[in-house]
A.B. asks: 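What follows is a structure written as structure tokens; I'll ask about it next.
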Amino acid sequence: MKLLQIIGARPQFIKYYPLQMALERYGDGIRDILVHTGQHYDYEMSEVFFDQLGIKKPDYHLEVGSATHGVQTARIIEKVEGVIQKERPDYVVVYGDTNSTLGGALAAAKLHIPVIHIESGLRSYNKKMPEEINRVLTDHISTILFCPTKTACRNLKKEGFKNQILNGNLIPLDFELQSNQITSDNSVIINCGDIMYDAMLLSLKKADELSTILTNLTLKPKTYNLITFHRAENTDDREKLKMLINFVLKHSEHKIIFPVHPRTKKIIKENNIKLPDKIITTEPLNYFDTLLLLKNADKLFTDSGGMQKEAYWLKIPTVTLREETEWVETVQSGWNILYRDYKGTHNPKRQSFHFGDGKAGERIIKIVRQLYERQ
Ligand code: UD1
């Protein structure tokens with residue numbers, strides 16, 4: 001069996017890592033062809049994750065680089081199409097909601113190669129977010145939709161997907177697909193748990209051992225807050241950007257560590273926005289440094305999807321700098337509060353929502369193998 005996996009942006013390198021580990025254990029006979037679109041290209045945004053997590057060198061690097069959404073997505077479609085035509089894979093795997101996800105999925109679906117979407121079913125119901133467009137479209141042209149949570153499965157059901165395994169509950173590790181549950185023209189929804197939870201569990205110990213970020217920044221646990229933001233809707237409007245920075249300053253009794261995404265950095269510079277001394281900026285951080293910094297923070301302010309969940313798993317109170325979130329469970333539990341609703345305190349409840357058991361990668365590989373063997 002030949003899998004062609006497409007990654008290109010920072011969170012996708014992290015999501016691919018547990019899949020690579022699962023392939024090593026359960027992927028006997030599966031050929032894994034890795035394609036890096038080149039959507040992210042700075043060392044801190046890309047290569048560092050390959051080095052740190054031991055991700056294999058991509059078989060293809062498409063070097064699409066930065067551009068407008070139309071141009072970037074078009075370049076991805078064109079170049080991925082070429083790779084698919086050459087390799088003729090059995091399945092194409094895409095992750096999350098970036099332009100690399102949509103471009104890869106479109107190229108595959110038009111060539112009649114079944115698309116496997118990992119992190120399927122998330123919705124913000126805000127079509128102004130490029131990510132929302134990417135994920136809705138990708139889901140609707142995918143054959144296997146691997147969801148991280150029951151909520152994600154439910155969202156897909158609302159959009160007309162009927163073929164849902166075990167009512168959207170996490171499938172057991174030894175789950176066997178029945179042949180009537182797989183048909184070539186009927187997509188299937190499977191809750192396999194959250195692959196980012198796998199990645200975090202695989203990495204926490206190494207982060208503790210290897211990261212020196214607290215010493216480098218002379219930080220003591222729980223004496224600082226962490227802030228990250230990069231979403232177009234927060235950075236492209238100068239007034240909103242300033243408002244959010246002032247919001248964080250107002251609600252932070254500690255100093256604030258701010259690893260700055262390149263797009264945010266560019267906009268801060270272009271608009272000559274001065275940050276007060278209380279905010280300590282750094283370059284974008286590698287995965288282990290991010291986990292360690294997050295684990296020891298007093299509070300997180302973020303517009304990142306992944307970090308909202310990582311903070312929840314690590315029990316770090318979070319304020320999300322967005323109007324809505326796809327990760328509604330983190331808000332319902334009180335650990336995460338949307339900034340407009342934040343009154344200065346958290347009142348977190350016992351964590352009753354789960355995002356799987358850290359074995360999403362294993363489930364994905366086992367299901368894909370069954371699908372291949374039974375078709
Ligand atoms: C993309 C994803 C977003 C994800 C994020 C993770 C889309 C639509 N968005 O957003 O869902 O949360 O990745 O980081 O796909 N840049 C650099 N160096 C790089 C990469 C980007 O300088 O290595 C700068 C460029 O100016 C570029 C801008 O950042 O134009 C935005 O990059 P892009 O990949 O288009 O989107 P992200 O904001 O990173």
Side-chain angles (χ1 to χ4, degrees), residues 6-17 35-51 58 61-77 79-80 94-106 117-120 122-124 126-139 148 195-196 199 227-237 240-241 244 258-271 281-287 290 302-311 320-322 324-327:
I6 298 170
I7 55 180
R10 181 167 60 173
Q12 292 164 334
F13 311 135
I14 297 169
K15 289 169 197 171
Y16 173 77
Y17 165 54
V35 180
H36 185 329
T37 63
Q39 177 171 349
H40 286 172
Y41 44 84
D42 288 347
Y43 177 78
E44 297 83 14
M45 296 294 287
S46 172
E47 224 177 305
V48 67
F49 296 92
F50 288 75
D51 291 347
H61 199 301
L62 308 182
E63 295 178 358
V64 300
S66 298
T68 60
H69 284 274
V71 170
Q72 189 180 57
T73 313
R75 280 185 196 151
I76 294 168
I77 298 173
K79 295 194 170 186
V80 170
V94 295
Y95 296 79
D97 54 19
T98 72
N99 291 343
S100 297
T101 316
L102 177 62
L106 267 173
H117 185 200
I118 298 179
E119 208 181 69
S120 183
L122 297 172
R123 296 291 182 264
S124 65
N126 174 0
K127 289 234 175 74
K128 291 220 171 94
M129 285 180 77
E131 292 84 2
E132 181 73 358
I133 298 167
N134 291 342
R135 53 174 97 96
V136 170
L137 294 178
T138 301
D139 281 338
I195 194 107
M196 282 199 82
I227 167 174
T228 77
F229 65 108
H230 67 276
R231 300 266 170 202
E233 66 267 26
N234 284 341
T235 52
D236 292 0
D237 172 353
K240 179 130 191 229
L241 180 76
L244 287 175
F258 184 12
V260 194
H261 183 286
R263 112 189 269 133
T264 314
K265 186 175 180 180
K266 202 163 100 194
I267 292 163
I268 289 179
K269 195 164 169 226
E270 275 168 14
N271 287 288
T281 60
T282 73
E283 292 302 310
L285 294 178
N286 64 51
Y287 187 47
T290 305
T302 193
D303 65 3
S304 151
M307 287 190 74
Q308 290 175 55
K309 290 177 295 170
E310 286 161 351
T320 288
L321 303 170
R322 286 182 43 198
E324 72 285 300
T325 176
E326 303 78 40
W327 303 105

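All values derive from a computational prediction rather than experimental measurement. Numbers here simply count residues along the sequence, with the first being 1. Start at 1 and go down the list; that is how both ligands and their atoms are numbered.
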A.B. asks: Distance under 4.0 Å to a non-hydrogen atom of His69: what atoms of ligand 1 satisfy this?
C.D. replies: 8 (C)

A.B. asks: For atom 13 (O) of ligand 1, state which one of Lys265, Gln39, His40 supplies the nearest heavy atom.
C.D. replies: His40

A.B. asks: Quick one: nearest non-hydrogen protein atom to atom 22 (O) of ligand 1, plus distance?
C.D. replies: Pro262 CB, 3.1 Å

A.B. asks: Looking only at protein heavy atoms, which one is nearest to atom 3 (C) of ligand 1, and how far off is it?
C.D. replies: Glu131 OE2, 3.2 Å

A.B. asks: Considering all heavy atoms of both residues, which atom of Asn134 and which atom of Asp97 are nearest to each other, and what is their separation?
C.D. replies: ND2-O, 3.0 Å

A.B. asks: Got the closest protein heavy atom to atom 19 (C) of ligand 1, with its distance?
C.D. replies: Tyr41 CZ, 3.6 Å

A.B. asks: At less than 4.0 angstrom from any non-hydrogen atom of Pro11, what atoms of ligand 1 do you find?
C.D. replies: 6 (C)

A.B. asks: Is a salt bridge present between Glu44 and Arg10, judged by a nitrogen-to-oxygen distance below 4.0 Å?
C.D. replies: no

A.B. asks: Let's go through Tyr43 and Asp51 carefully: what are the C-alpha distance in whole Å and the side-chain angles of both, what is the deciding distance for side-chain hydrogen bond (donor to acceptor under 3.5 Å, both in side chains) to 0.1 Å, and is it a yes or a no?
C.D. replies: CA-CA 10 Å; Tyr43 177 78; Asp51 291 347; 3.0 Å; yes

A.B. asks: Can you check side-chain hydrogen bond (donor to acceptor under 3.5 Å, both in side chains) on Tyr95 and Ser100, steps first, answer last?
C.D. replies: CA-CA 9 Å; Tyr95 296 79; Ser100 297; over 6 Å; no

A.B. asks: Which heavy atom of Gly96 sits nearest a heavy atom of Thr101, and at what distance?
C.D. replies: O-CG2, 3.2 Å

A.B. asks: Which of the numbered atoms in ligand 1 are below 4.0 angstrom from a heavy atom of Lys266?
C.D. replies: 26 (O)

A.B. asks: Report yes or no: does Glu44 have a heavy atom closer than 4.0 Å to ligand 1?
C.D. replies: no

A.B. asks: I'd like the name of whichever of Thr73, Leu102, Thr98 reaches closest to atom 2 (C) of ligand 1 through any heavy atom.
C.D. replies: Thr98

A.B. asks: Return a yes/no value for Ser100: is any of its N or O atoms, backbone included, closer than 3.5 angstrom to an N or O of ligand 1?
C.D. replies: no

A.B. asks: Scan His61, Gln39, His36, Gln12 and name whichever one has a side chain to side chain donor-acceptor pair (under 3.5 Å) with Ser46.
C.D. replies: His36

A.B. asks: Counting heavy atoms only, which of Asn99, Asp97, Asp42, Thr68 comes nearest to atom 8 (C) of ligand 1?
C.D. replies: Asn99

A.B. asks: If we ignore angles and hydrogens, is there a donor and acceptor under 3.5 Å between the side chains of Gln308 and Thr325?
C.D. replies: yes

A.B. asks: State whether the shortest distance between N or O atoms of Asn134 and N or O atoms of ligand 1 falls below 3.5 angstrom.
C.D. replies: no

A.B. asks: Between Arg123 and Glu326, is there a salt bridge with N-O shorter than 4.0 Å?
C.D. replies: no

A.B. asks: Measure the distance from atom 27 (C) of ligand 1 to every protein heavy atom, then report the residue, atom name and distance (to 0.1 Å) of the closest one.
C.D. replies: Ser66 OG, 3.2 Å

A.B. asks: In the protein, what heavy atom is nearest to atom 5 (C) of ligand 1, and what distance, to one decimal place, separates them?
C.D. replies: His230 NE2, 3.6 Å

A.B. asks: Evaluate the ring planes of His230 and His261, with Trp represented by its six-membered ring, and classify them as parallel (under 30°), tilted (30 to 60°) or perpendicular (over 60°).
C.D. replies: parallel

A.B. asks: When you measure from atom 28 (C) of ligand 1 to every protein heavy atom, which one gives the shortest distance, and what is it?
C.D. replies: Arg263 CB, 3.6 Å

A.B. asks: Are the charged groups of Glu132 and Arg231 less than 4.0 angstrom apart, N to O?
C.D. replies: no

